[in-house]
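For reference, the structure discussed in these notes is given below.
Numbers here simply count residues along the sequence, with the first being 1. Scope of the values below: all heavy atoms of this structure, side chains included, with no hydrogens, waters or symmetry mates. Values in this document were obtained by computation on a predicted structure and should not be read as measured data.
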Amino acid sequence: MKRYDVIVIGGGHAGCEAALASARMGCATLLITLDKDKMALMPCNPAIGGVGKGHIVREIDALGGEMAKVIDKTGIQFRVLNASKGPAVQGYRAQADKKLYKNEMRRVLENQAGLDILEEEVDELLMENQSVKGVRTVTGGEVQAVAVVITTGTFLNGRMHVGMKNFPAGRVGEKPSTKLSESFLSAGFEVGRLKTGTPPRLLSGTIDFDRCTIQPGDSDPKPFSFSTESITRDQVPCYLTATNERTAAVIRKNMHLSPLYSGIIEGVGPRYCPSIEDKIVKFPDKQSHNIFLEPEGLDTDWIYPNGISTSLAEEVQWELVRTIPGCENAEIVRPGYAMEYDFVPPTQLLPTLETKPVAGLYHAGQINGTSGYEEAAGQGIVAGINAALKAQGRPPFILTRMESYIGVLIDDLVTKGTQEPYRMFTSRAEYRLLLRQDNADDRLMGKGFELGLVSREDHERCRQKYASVVQEINRLSKTPVVPNKADLSKLAKIGINELKRPTTLSGLLRRPDITYRQLIEVFNNNGAFLPRLVGEQVEIQIKYEGFIARQSQMVEKQKRLETVSIPKDFEYEGIPGLSREVEQKLKEIRPMTLGQAARISGVTPSSITILMVLLDRRFRLREDNGKKNPTDKLERADEPLTRV
């Protein structure tokens, strides 16, 4: 029987990042997938990034992951979303050539030292004393491992729906995994049901793009990876059209052929990426819904109509597509469909993504109730890191919501759970001004280096970049600008016609209409121009200095709660002042810190105060008995605790 340190089940975006992280950390790793050719497949929208999602991709890159590098090599259109807004809510997005993307990721996986890939189906987890020991395949083979990462996507008891027809499937043309769900149930896991969907694919030669609005990419495309110098591939346009009242009429008259509204589909669908049926029903007053016609690649004539995800009967899909301007003669090359699948509610996980019922077992991706390639990959790299650390006997790795979007994602899942497919938005991050996508390298690359996932050269380059930022901010803060003839002449070139009192270059840069580039062009520091990314950081840090300082203070206060550990054996029953609801939620989630407890839905500020007092008493008792636990991080009573 062969033995590995880590086994990863599933070759989707979560599985790819998990397997690469584990192998790069020196663990003997096995990736088990049903089909090597479909690793990193994009079964839905062929794109990476977006608002919130783009932040995750850059964080994966800063930690030493692969998604950003692969999309930089295979993207065919790059855009910065919300470019006119502040840096905290901007998001990189790239249209991918889906074939090139999966081929490039497969090349990386197959060339990774310490990583084996096996085409097989797993139907059972091997467990002993509530610890994972390996897996058994459908052919009866057994493989042992210290840690196992499950990244099964939509394959767990997957069922595909097109109109009134439905049948078992993991994705279109692929069989589901049916027996693995039984392992979860037998191990005591709660299992739920979710739904996702995809639109029909259209033949590009049958679409009249002249009737649509062209959507070109950015003229100066920005790469995702901090190691990519520039995007050199030629970009292709997308096109914008929209539904209309005729579209809505077709859907309304055929609603009885929708498995979603006829009661056939039981799983809950995504709130923020609804089907076109959902849009028509839930937004009856809206006259039209935008549709983005996006190419699936350079050597394919398939078009992805982003915005009309549907599980209506195929003949109805033909009718509704042909009500859309530009698509009057469009041909469907593959109908849209809905996927219903099992998931394991993520409140059964620790912040490391290790499961509570079974030690050494990690979950990542849609099995945790998320949607999106980026959310899956972000969980994948964390699960892979922690599985490797488990195998090596090292302390776990936890990203907090104060330092990363990946931390926000995981904390939301394990603390609050989800009843519908979870999608990342910038609004979910309370410290989003600190967690910008532009500074992901500053926040996380040091951690990636310590884990062995980031090279010394890349880490040193990052350190030098931010040393240059600090140096330039200091220079601008110390360089005076006075209302004399010479300086006023320079200021006039950038639209400042008067200066009432002396200031500094940083004072000028705080003005909303002045950019760093403009400033340096007239006050050029002997003609020296810093690299674009350095200048970008200088401008952001100076312009938003006050806001950044305030959020940093909020983070420091929150950190005090995060350092107050709650022992695993803490008894919540019978505590005076705790309601039955709060008691039940605390027992279910078993928060690791007081900060996590405060974020559980329904746990009141007064409950946190009660817990704080009890934990303080426990700490004092241990200290008085000379049995102080060195891992207990609760502050001493004479040190003020932040109240919630």
Side-chain angles (χ1 to χ4, degrees), residues 42-51 53 76-77 79 81-82 91 93-96 98 162 196-217 235-255 258 260 269-297 300-338 371-373 423:
M42 294 181 170
C44 199
N45 190 3
I48 294 293
V51 178
K53 291 172 174 281
I76 55 179
Q77 189 196 84
R79 296 182 67 188
L81 306 182
N82 286 344
R93 184 185 187 275
Q95 195 70 22
K98 62 189 300 182
V162 182
T196 188
T198 190
R201 304 310 198 267
L202 309 180
L203 190 64
S204 63
T206 64
I207 299 173
D208 184 0
F209 290 107
D210 290 338
R211 299 203 60 206
C212 307
T213 304
I214 192 169
Q215 299 278 298
Q235 298 192 65
V236 299
C238 297
Y239 293 85
L240 174 65
T241 183
T243 64
N244 49 56
E245 185 51 42
R246 289 175 56 222
T247 315
V250 169
I251 293 170
R252 291 191 188 103
K253 78 175 183 180
N254 289 287
M255 198 63 76
S258 167
L260 185 63
R271 179 190 302 264
Y272 301 105
C273 188
S275 66
I276 189 63
E277 301 98 286
D278 256 348
K279 292 178 183 178
I280 297 304
V281 170
K282 294 178 179 178
F283 307 101
D285 297 330
K286 191 170 177 61
Q287 299 299 311
S288 66
H289 299 274
N290 285 339
I291 301 170
F292 294 90
L293 301 176
E294 302 169 338
E296 293 208 337
T300 178
D301 53 7
W302 284 28
I303 295 293
Y304 182 93
N306 190 350
I308 54 169
S309 173
T310 182
S311 57
L312 285 164
E314 184 173 353
E315 62 272 16
V316 180
Q317 294 186 35
W318 279 82
E319 188 177 357
L320 77 85
V321 162
R322 291 188 167 186
T323 65
I324 298 168
C327 300
E328 291 86 352
N329 298 304
E331 294 185 10
I332 294 177
V333 288
R334 191 176 76 196
Y337 60 88
S371 68
Y373 312 139
R423 179 179 178 178

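Closest approach of G336 and Q317 over heavy atoms only: N-OE1, 2.7 Å. Pairing each heavy atom of A330 with each of T206, the nearest pair is CA-OG1, 3.3 Å. In terms of heavy atoms, Y373 sits closest to I48 at CD1-CD1, 4.0 Å. Closest of all the heavy-atom pairs between C44 and T198 is SG-OG1, 3.8 Å. P325 and C212 make their closest contact through O-SG, 3.9 Å (heavy atoms, listed as atom of the first residue, atom of the second, distance). For the pair I308 and P200, the tightest heavy-atom approach, listed with the atom from each and the gap, is O-CD, 3.7 Å.
Taking CG from D301 and CG from L203, the interatomic distance works out to 4.5 Å, rounded to the nearest 0.5 Å. Distance CD/E314 to CD1/I332: 6.5 Å, rounded to 0.5 Å. Between the CD1 atom of I276 and the CD1 atom of I251 there is a distance of 4.5 Å, given to the nearest 0.5 Å. Note that CD1 of I207 and CD1 of I303 are 5.0 Å apart. Values are rounded to the nearest 0.5 Å. Separation of atoms CG (L320) and OG1 (T310) is listed at 6.0 Å; rounding is to 0.5 Å. The line from OG of S275 to CG of L312 is 7.5 Å long, rounded to the nearest 0.5 Å.
Applying the salt bridge (Lys or Arg N to Asp or Glu O under 4.0 Å) test to every pair with at least one member in residues 271-282, sequence neighbours left out, gives these pairs: R271-E420, D278-K282. For residues 284-293, the set of pairs meeting the side chain to side chain donor-acceptor pair (under 3.5 Å) definition, not counting sequence neighbours, is empty. Here salt bridge (Lys or Arg N to Asp or Glu O under 4.0 Å) pairs that include residues 204-215, with residues two or more places apart or in two chains, are R211-E328.
Listed by chain and number, the residues in a side chain to side chain contact (heavy atoms under 4.5 Å, CB included) with Q215 are R79, T213, C238, L240, F292 (sequence neighbours excluded). Contacts of R322 classified as salt bridge (charged side-chain N to carboxylate O under 4.0 Å, His left out), with partners at least two apart in sequence or in another chain: none. Under the side chain to side chain contact (heavy atoms under 4.5 Å, CB included) criterion, E296 pairs with P46, K98, R201, T300, W302, Y304, not counting sequence neighbours.
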Applying salt bridge (charged side-chain N to carboxylate O under 4.0 Å, His left out) to E319 and R246, what does each step give before you reach the verdict? CA-CA 10 Å; E319 188 177 357; R246 289 175 56 222; over 6 Å; no

Is there a side-chain contact (heavy atoms from CB on, under 4.5 Å) between T243 and T323? Walk through the geometry before answering. CA-CA 7 Å; T243 64; T323 65; over 6 Å; no

Using side-chain contact (heavy atoms from CB on, under 4.5 Å), reason through W318 and E331 one step at a time and then give a plain yes or no. CA-CA 8 Å; W318 279 82; E331 294 185 10; 4.1 Å; yes

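Side-chain atoms of Q77 do not come within 3.5 Å of backbone N or O of Q235 as any donor-acceptor pair.
Looking at heavy atoms from C-beta onward, C327 lies in side-chain contact with L202 at the 4.5 angstrom threshold.
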